[in-house]
Amino acid sequence: MALSCGIVGLPNVGKSTLFSAFSEAEAEVGNFPFCTIEPNMAIVEVPDERLEEIHSRIETEKVIPAVVQVTDIAGLVKGASEGEGMGNQFLGNIKECSAIMHVVRCFGGDKVVREDPVDPVGDIEVIELELALADLSTVRRAMERVAKKARVDKDLAQELAVMVRAEELLASGGQMRAQEWNDFERQVLKPLCLMTLKPVLYVANVAEDDLDGSSEYAQQVASYAEKNRSEWRAVCGDLELELRRLDEEEAQMFMEELGVEELGLGRLIKAVYKLLGLQTYFTAGEKEIRAWTIRAGDTAPKAAGVIHTDFEEKFIRAQVYGLEDLIEHSTEAAVKAAGKLRIEGKDYLMQEGDIAHFLFGK
């Protein structure tokens, strides 16, 4: 499943620093507006300690984690919806993403060139207003097209009503994700690729002495996220980049000194999975152990189809067991001997962390 996440925010809030921490190749980082012009893209492995748990019990040639495409989108500014600061180009990059990481500066000091005082909520509102205005323009164009067709095709009246509701919300500066939309409404809106309908994770870029996000600035982000029914995480971009540059042993020692159990980047990726309603299952064999991304609630045939589209149609049954079974019995053969290897059919709903083998017809 292709999953992409766009990193957005005002200029110089730490987007490119965070992106560089995610990726092998560092993005250009500067303390001046628009040091990023073209979007930087990276394929990021999803950290999952369960892969090593499986690998320690099943010999294999390679271990393949799930991946996410992360895109560093250049800083948006007030007026972006009208083309200010190359806004049209940057907004187009956001439309292509599955989810948004909205990075907000939550540290003081003169490290970053900026005339205005630190104002996390104000910064968020600037970006979200521009996204709402851009979406409003998109919806109004669509409304015009549908309204003309609805004169002769009365079945389009429902679609037009959905767009009218969206237009009213966006005209007030609201975010589409702030309201509930049923399946029909989402189907109508899906082709428009509305940015304010995409799930958002607010990322408070904090100082090294505020890793838990307890500062006033970070808590402003927390309150805003809660008010808008969204998730937030505190991350120190500079620290994450520094840890990225160290070898694994040095990074682990540094993390222990700081009392940090998990890199902030891992927490961000897991939060994006939660936002998008995604989960992971595993396949394990002599050639590879691999993590696969599916949607929560997917059936076994749907999960098989992620491996190859033909597998969904040709699905016969699945053999499934849990990681806890493998840990308890040490080998897959022992799991089977203990009666823990289940045979599941087409109606089986995959569970988080399932280890599965699929049987297909010709």
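Predicted, not measured: the structure shown is a model, and the values here were computed from it.
For the 3.5 Å distance criterion, the side chains of Glu324 and His329 fail to qualify, holding no donor opposite an acceptor. In this structure, a donor-acceptor pair under 3.5 Å is present between the side chains of Ser214 and Asp212. Side chain to side chain, Trp292 and Thr283 meet the donor-acceptor criterion of an N or O pair below 3.5 Å.
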### Task
Show your reasoning for whether salt bridge (charged side-chain N to carboxylate O under 4.0 Å, His left out) applies to Lys270 and Glu262.
CA-CA 12 Å; Lys270 291 174 182 176; Glu262 181 184 17; 2.7 Å; yes
### Message
Go through it in stages, so that I can follow the logic: the residues are Ile54 and Ile355, the test is side chain to side chain contact (heavy atoms under 4.5 Å, CB included), and I'd like the CA-CA distance, side-chain angles, deciding distance and then a yes or no.
### Response
CA-CA 9 Å; Ile54 299 171; Ile355 303 172; 4.0 Å; yes
### Task
Could you check Ile94 against Thr71 for side chain to side chain contact (heavy atoms under 4.5 Å, CB included), going step by step and ending with a plain yes or no?
CA-CA 9 Å; Ile94 300 172; Thr71 304; over 6 Å; no
### Message
Run the salt bridge (charged side-chain N to carboxylate O under 4.0 Å, His left out) test on Glu144 and Lys149 for me, step by step, so that the C-alpha distance in whole Å, both residues' side-chain angles and the decisive distance to 0.1 Å come before the verdict.
### Response
CA-CA 9 Å; Glu144 290 178 7; Lys149 294 179 181 178; over 6 Å; no
### Task
Begin with the C-alpha distance, continue with both residues' side-chain angles, and end with the deciding distance and a verdict on salt bridge (charged side-chain N to carboxylate O under 4.0 Å, His left out) for Arg317 and Glu344.
CA-CA 6 Å; Arg317 63 178 180 268; Glu344 303 288 359; over 6 Å; no
### side chain to side chain contact (heavy atoms under 4.5 Å, CB included) evaluation trace for Ser20 with Arg244
CA-CA 9 Å; Ser20 295; Arg244 178 75 176 187; over 6 Å; no
### Message
Is there a side chain to side chain contact (heavy atoms under 4.5 Å, CB included) between Gln319 and Arg342? Walk through the geometry before answering.
### Response
CA-CA 6 Å; Gln319 296 178 319; Arg342 310 189 308 276; over 6 Å; no
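Nearest heavy atom pair, residue Gln219 against residue Gly213, reads NE2-O, 2.6 Å. Nearest heavy atom pair, residue Gly266 against residue Pro47, reads CA-CG, 3.5 Å. Minimum heavy-atom separation, Glu128 to Tyr224: OE1-OH, 2.7 Å. Here the closest non-hydrogen pair linking Gly174 and Ala132 is O-CB, 3.7 Å. When all heavy atoms are compared, the tightest approach of Val118 to Arg105 is CG1-O, 3.6 Å.
Between the side chain of Thr138 and the backbone N or O of Ala134 there is at least one donor-acceptor pair closer than 3.5 Å. Side-chain N or O atoms of Asp210 include none that pairs as donor or acceptor with a backbone N or O of Ala207 at under 3.5 Å. Looking at Thr309, its side chain never comes within 3.5 Å of a backbone N or O of Gly305 through a donor-acceptor pair. Distance alone, capped at 3.5 Å, is enough to place a donor-acceptor pair between the Asp298 side chain and the Arg295 backbone. One N or O on the side chain of Gln279 and one on the backbone of Met350 form a donor-acceptor pair closer than 3.5 Å. Looking at Lys15, its side chain never comes within 3.5 Å of a backbone N or O of His102 through a donor-acceptor pair. No donor-acceptor distance shorter than 3.5 angstrom exists from the side chain of Glu167 to the backbone of Arg140, with no hydrogens or angles considered. In this structure a side-chain-to-backbone donor-acceptor pair under 3.5 Å is missing from Thr293 to Thr280. Here the side chain of Asn205 pairs no donor or acceptor atom with the backbone of Val103 at under 3.5 angstrom.
Put simply, the side chain of Leu51 reaches to within 4.5 Å of the side chain of Phe282, judged on heavy atoms. Using a 4.5 Å heavy-atom cutoff, the side chains of Arg165 and Trp181 are in contact. Counting heavy atoms from C-beta on, the side chains of Lys198 and Gln175 never come closer than 4.5 Å. The shortest distance between side-chain heavy atoms of Gln351 and Leu349 falls below 4.5 Å. Between Ile294 and Lys302, every side-chain heavy-atom pair lies at or beyond the 4.5 Å cut-off. Side-chain atoms of Leu192 and Val139, non-hydrogen and from C-beta on, do get closer than 4.5 Å to each other. Side-chain contact check for Val320 versus Leu341: every heavy-atom pair is 4.5 Å or farther apart. The shortest distance between side-chain heavy atoms of Ser4 and Val68 does not fall below 4.5 Å.
A distance of 5.5 Å separates CD1 in Ile7 from CG in Asp72, rounded to the nearest 0.5 Å. The distance from the CD atom of Glu256 to the CE atom of Met253 is 7.5 Å, given to the nearest 0.5 Å. Atoms CE and CD, from Met41 and Glu96 in turn, are 6.0 Å apart once rounded to the nearest 0.5 Å. Glu180 contributes atom CD, which lies 4.5 Å from atom CZ of Arg229 (distance to the nearest 0.5 angstrom). With rounding to the nearest 0.5 angstrom, the CG atom of Leu275 is 5.5 Å from the CG atom of Leu201. One finds the SG atom of Cys5 at 8.5 Å from the CG atom of Leu268 (value rounded to the nearest 0.5 Å).
Sorted by first and then second residue, the side-chain hydrogen bond (donor to acceptor under 3.5 Å, both in side chains) pairs with a member in residues 42-69 read Asp48-Arg50, Arg50-Glu352, Glu53-Arg57; sequence neighbours excluded.
Leu258 and Leu246 fall within a single hydrophobic cluster, where Ile, Leu, Val, Met, Phe, Trp and Tyr are joined by side-chain heavy atoms under 4.5 Å apart, directly or via other members. Under the 4.5 Å side-chain heavy-atom criterion for ILVMFWY residues, no single connected hydrophobic cluster contains both Tyr202 and Val206. Under a hydrophobic clustering in which Ile, Leu, Val, Met, Phe, Trp and Tyr are joined whenever their side-chain heavy atoms come within less than 4.5 Å, directly or via other members, Ile64 and Ile43 fall into different clusters. Connection of Val335 to Tyr348 is not established within any shared hydrophobic cluster, with ILVMFWY side chains joined at heavy-atom distances below 4.5 Å, either directly or through further cluster members. Using a 4.5 Å cut-off between side-chain heavy atoms of Ile, Leu, Val, Met, Phe, Trp and Tyr, with links allowed through other members, Met101 and Val13 fall into the same hydrophobic cluster.
Only one option out of Val70, Val235, Asp238 pairs with Leu18 in a side chain to side chain contact (heavy atoms under 4.5 Å, CB included); it is Val235. Paired with Asp135 under the rule side chain to side chain contact (heavy atoms under 4.5 Å, CB included), one option of Leu189, Thr196, Leu169 passes, and it is Thr196.
The local environment of CD in Glu313 is sparse, with at most 12 non-hydrogen atoms from other residues, nucleotides or ligands closer than 6.0 Å. By the 6.0 Å contact criterion, CG on Asp247 is enclosed, its count of non-hydrogen atoms from other residues, nucleotides or ligands being greater than 12. The 12-atom threshold is exceeded at CG of Asn182, counting heavy atoms of other residues, nucleotides or ligands nearer than 6.0 Å. Counted within 6.0 Å of NZ on Lys340, heavy atoms from surrounding residues, nucleotides or ligands total 12 or fewer; the atom is thus considered open. For Gln179, the CD atom is densely surrounded, since the number of other residues' heavy atoms within 6.0 Å is greater than 12.
Ring-centre distance between Tyr217 and Phe107: not below the 6.0 Å cut-off. Remark: aromatic rings of Phe358 and Tyr281 are close, center separation under 6.0 Å.
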